[in-house]
Amino acid sequence: MLIEEKLKRCLKDALAKMNVDIDISKIVIERSKEKVHGDFASNIAMQLARELKKNPLLIAEDIVNNLDVESFNKVEIARPGFINFFLKSEALSSIIKTIIDEGDNYGSSTYGENKPINVEFVSANPTGDLHLGHARGAAIGDCICRLYSKIGYNVTREFYVNDAGNQINVLGRSIRARYHQLFGDNIEVPEDGYHAPELLKIAEIMKNEVGDKYLVDSEESETYFKRRGTELELDKLNNDLKNFRVNFDVFSFETDIRAAGGVERVLEGAKQYIYENEGATFLKTTAFKDDKDRVIIKSDGSYTYLLPDIAYHLNKLDRGFTQLVDILGADHHGYIDRMKSSLEMFGYPRSILEIELIQMVRLFKNAEEYKMSKRTGNAIAMRELCEEVGVDAVRYFFVNRAASAHLDFDLDLAKESSSANPVYYAQYAYARLFNVLQNAEDIKLNIDGTGLEHQKEIDLMKHLSLYQKEVLDAALTRAPYKVTVYIQKLASLIHGFYTECRLLDRNNLELTSSRLALCKASMIVLKNALGLIGVSAPEKM
RNA sequence: GUCCACAUAGCUCAGCAGGAUAGAGCAACAGCCUUCUAAGCUGUGGGUCGAGUGUUCGAAUCAUUCUGUGGACGCCA
């Protein structure tokens with residue numbers, strides 16, 4: 001149990017003795033920011049001051065007199081009514097044993113009770129390379145998944161393929177042209193088509209697979225170019241994503257949703273909210289919370305994207321997920337209310353779907369914005385960026401800011417090998433400790449951490465003990481950047497510990513064995529935290 | 001025009017179920033390697049938390065007005 005929880009119970013018990021009944025969730029325990037304020041603090045006395053009509057200092061005194069806590073060697077009252085708790089050093093150093101015992105599992109919790117949660121992200125159209133926005137969505141989405149898993153949810157990573165829209169028709173026509181070109185036919189890629197030379201490779205694969213079979217235009221050949229083209233494009237996206245350490249569990253296809261009658265089901269189920277106007281079919285999303293009703297069937301009879309999208313979300317819910325999360329680009333802002341409102345029509349609470357919007361990424365090189373790739377002349381692709389600076393750096397930088405904040409990605413910094421580069425800084429901390437433990441393989445670790453009294457050691461142990469709470473917080477707020485904040489602080493404490501405390505001293509094996517244990521524990525947590533954002537912990541640098 | 005988000009150190013950003021003297025990294029400046037990786041450490045300076053008003057014991061945090069920036073407002077995805 002977290003120490004905070006223990007403290008809350010102690011406070012509740014103390015208040016009960018004073019005939020004050022309080023809901024335990026109302027008791028707030030904070031980590032003190034200042035050392036003079038101890039390790040933990042509660043403002044409970046000030047909260048109760050009004051209700052009890054009594055000076056908070058007197059209330060605090062009463063509470064302390066009735067308090068029965070272990071693990072602390074001092075409890076102080078400070079104006080205007082804080083109660084400060086000072087942790088015993090044994091209570092602190094016990095964290096080393098906990099971490100080493102739990103190993104890779106340290107930081108996990110069962111908060112999610114194995115409930116199934118679905119996170120949909122990337123969902124790029126299979127018509128070209130993944131660009132920077134997709135890459136950031138992939139990094140953040142994947143980290144959110146890793147976080148949810150860590151706190152005990154059963155997570156499904158899902159990619160939705162819009163393979164029924166017009167862009168697939170365009171893709172089919174573009175590939176058809178490339179395919180014909182391979183046979184010497186002088187057919188140009190349509191003006192509005194996809195001109196990327198990669199399509200030539202796809203056409204070559206097709207030529208190898210089917211020969212000249214589809215040179216004659218027919219419904220069959222059109223379908224082939226579209227279907228097989230989508231598959232091959234998707235393979236390419238998936239390979240890039242795997243290389244980026246993002247692995248999807250499920251790919252859902254719009255065509256499948258439609259074929260299974262998803263659209264009809266929406267039209268039937270939401271019948272009472274559907275009306276016709278000027279030849280188009282509208283969905284009355286304003287009945288819930290949207291600023292205008294939305295067209296779902298255009299006057300030419302085709303669907304807007306919203307209709308199959310609703311069907312798709314219902315499909316996800318049919319599969320038993322108790323929570324859906326969508327990771328979308330910030331330009332989908334208007335999407336939130338209409339989709340949530342649509343799901344409400346089917347009896348679901350708005351909160352069943354949470355939508356995270358990912359803000360734009362801008363690349364900078366030599367302090368100037370860097371838009372186009374010199375090599376391809378197109379917008380920079382995720383693959384290219386990974387080749388340039390490495391997957392570790394890309395993933396780290398992409399989650400290093402709140403998703404809702406614009407991200408300026410400094411290419412020079414990402415490649416720099418210095419403390420200015422947060423990725424190297426953190427990885428270097430790991431490599432340094434690894435090196436020490438390797439030099440001390442023959443020394444037995446003292447996992448009780450006896451004798452660790454140096455300020456650097458204490459600060460480090462305190463931070464290690466915060467890990468589980470930080471992971472839970474980062475997961476529940478879907479904020480991977482909080483993990484990078486934790487990592488930077490941890491790395492900084494490790495470097496300080498390394499510099500000021502001689503870790504391997506064969507003339508003082510007693511202290512050394514405790515310090516090495518702290519090394520080991522720090523490495524476990526650092527590797528674990530880096531793992532949460534999909535960044536490696538190298539043993540040598 | 002309507003709606004939403006944002007505004008904190010020179011730069012990039014944390015902090016915002018109200019709490020103690022507003023933080024971090026970078027940049028700047030000054031120091032630290034005969035010993036485990038200096039890809040490191042230590043120290044210094046740097047702020048009207050965009051502006052005003054309100055709520056309260058207490059406001060960067062909540063409410064409200066204003067200013068500025070970005071985004072969303074299609075029978076687009």
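In what follows, chains carry the letters A, B, and so on, assigned in the order in which the sequence lines appear, proteins first and then strands, with residues in each chain numbered from 1. Just so we're clear, the structure is a prediction, and the values are computed from it rather than from any experiment.
Looking at the side chain of A:Asn43, the nearest of the listed nucleotides B:A20, B:G19, B:G40 is B:G19. Side-chain proximity of A:Asn84 to B:C75, B:G40, B:A20: nearest is B:A20. Closest approach to the A:Asn125 side chain among B:A77, B:C73, B:G19 is made by B:A77 (side chain taken as heavy atoms from C-beta onward). For A:Ala420, taking side-chain heavy atoms from C-beta onward, the closest of the listed nucleotides B:G40, B:A20, B:C26 is B:C26. For A:Tyr424, whose side chain is taken as the heavy atoms from C-beta onward, the closest listed nucleotide among B:A20, B:A39, B:C75 is B:A39. The side chain of A:Thr499 lies closest to B:C41, out of B:C36, B:C73, B:C41. Among B:C75, B:A20, B:G40, the nucleotide with an atom closest to any side-chain atom of A:Ala41 is B:A20. If you check B:G15, B:C75, B:A20 against the side chain of A:Phe82, the one that comes closest is B:A20. Side-chain proximity of A:Glu278 to B:C75, B:U42, B:C36: nearest is B:C75.
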Restricting to nitrogen or oxygen on both sides, can you table the protein-nucleotides 1-11 of chain B pairs closer than 3.5 Å?
| from | atom 1 | to | atom 2 | distance (Å) |
| --- | --- | --- | --- | --- |
| B:C4 | O2' | A:His333 | NE2 | 3.1 |

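For the atom pair NZ (A:Lys284) and CG (A:Asp293), the distance works out to 5.0 Å, reported to the nearest 0.5 Å. We find the CZ-CD distance between A:Arg258 and A:Glu264 to be 10.0 Å, quoted to the nearest 0.5 Å.
Using a 90° window around 0 for the glycosidic torsion, B:A17 falls inside it and is classed as syn. In this entry the base of B:C33 is syn relative to its sugar, with a glycosidic angle within 90° of 0.
Taking 4.0 angstrom as the limit, A:Arg506 places none of its side-chain polar atoms (N or O) nearer than this to OP1 or OP2 of B:C36. Contact annotation: A:Lys298 side-chain N/O to B:C76 OP1/OP2 distance is under 4.0 Å. Between A:Lys489 and B:G23, a side-chain N or O to OP1/OP2 separation shorter than 4.0 Å is absent.
Using P as the reference atom, B:A38 and B:U44 are 24 Å apart when rounded to the nearest Å. Rounded to whole Å, the C1' atom of B:G46 lies 14 Å from the corresponding atom of B:A24. A gap of 41 Å separates the C1' atoms of B:A5 and B:U42, to the nearest Å. On the P atoms, B:A20 is 16 Å away from B:G15, given to the nearest whole Å. Taking the C1' atom of each, B:A27 and B:U12 are spaced 11 Å apart, rounded to whole Å. Separating the C1' atom of B:U2 from that of B:U8 is a span of 29 Å, rounded to the nearest Å. Using atom P as the reference point in both B:G52 and B:A17, the two lie 24 Å apart (nearest Å).
The residues A:Lys74 and A:Asp39 are annotated as not salt-bridged, no charged nitrogen and carboxylate oxygen being separated by less than 4.0 angstrom. Looking at A:Glu470 and A:Lys482, no side-chain N of the basic residue comes within less than 4.0 Å of a carboxylate O on the acidic one, giving no salt bridge. Note on A:Asp290 versus A:Arg294: salt bridge recorded, some NZ/NE/NH1/NH2 to OD/OE distance being below 4.0 Å. The pair A:Asp326-A:Lys316 meets the salt-bridge criterion, with a side-chain N (NZ, NE, NH1 or NH2) lying under 4.0 Å from an Asp/Glu carboxylate O.
With A:Tyr498 as the aromatic partner, A:Arg432 meets the cation-pi criteria of under 6.0 angstrom to the ring centre and within 45 degrees of the ring axis.
Using Watson-Crick or G-U wobble geometry with both donor-acceptor distances under 3.5 Å, B:A7 finds its partner in B:U67. The pairing partner recorded for B:G1 is B:C73, the criterion being a Watson-Crick or G-U wobble arrangement whose two distances lie under 3.5 angstrom. As the counterpart of B:U61, no nucleotide is assigned, since no Watson-Crick or G-U wobble pattern has both distances under 3.5 Å. Pairing for B:A30 is with B:U42, a Watson-Crick or G-U wobble pair whose two hydrogen-bonding atom distances lie under 3.5 Å. Under the Watson-Crick and G-U wobble criteria, each requiring two contacts below 3.5 Å, nucleotide B:A17 is left unpaired.
Residue whose closest nucleotide on RNA chain B sits further toward the 5' end, between A:Tyr498 and A:Lys482: A:Lys482. The nearest heavy atom of RNA chain B to A:Asn400 and to A:Asp505 marks one nucleotide each, and the one closer to the 5' end goes with A:Asn400.
Residue-to-nucleotide contacts include no donor-acceptor pair under 3.5 Å from the side chain of A:Tyr428 to the base of B:A39. A donor-acceptor contact under 3.5 angstrom links the side-chain atoms of A:Ser299 to the base of B:C75.
There is a side-chain donor-acceptor pair under 3.5 Å between A:Tyr312 and A:Glu158.
You cannot call A:Tyr425 stacked on the base of B:A39; the centres under 5.5 Å and planes under 30° rule is not satisfied.
In this structure, A:Phe40 atom CZ and B:A20 atom P are separated by 18 Å, rounded to whole Å.
Counting only heavy atoms from C-beta outward, the side chains of A:Arg136 and A:Phe409 never approach each other to under 4.5 Å. Counting only heavy atoms from C-beta outward, the side chains of A:Val119 and A:Leu324 never approach each other to under 4.5 Å.
At a threshold of 4.0 angstrom between heavy atoms, the contacts of A:Glu254 with the nucleic acid are absent.
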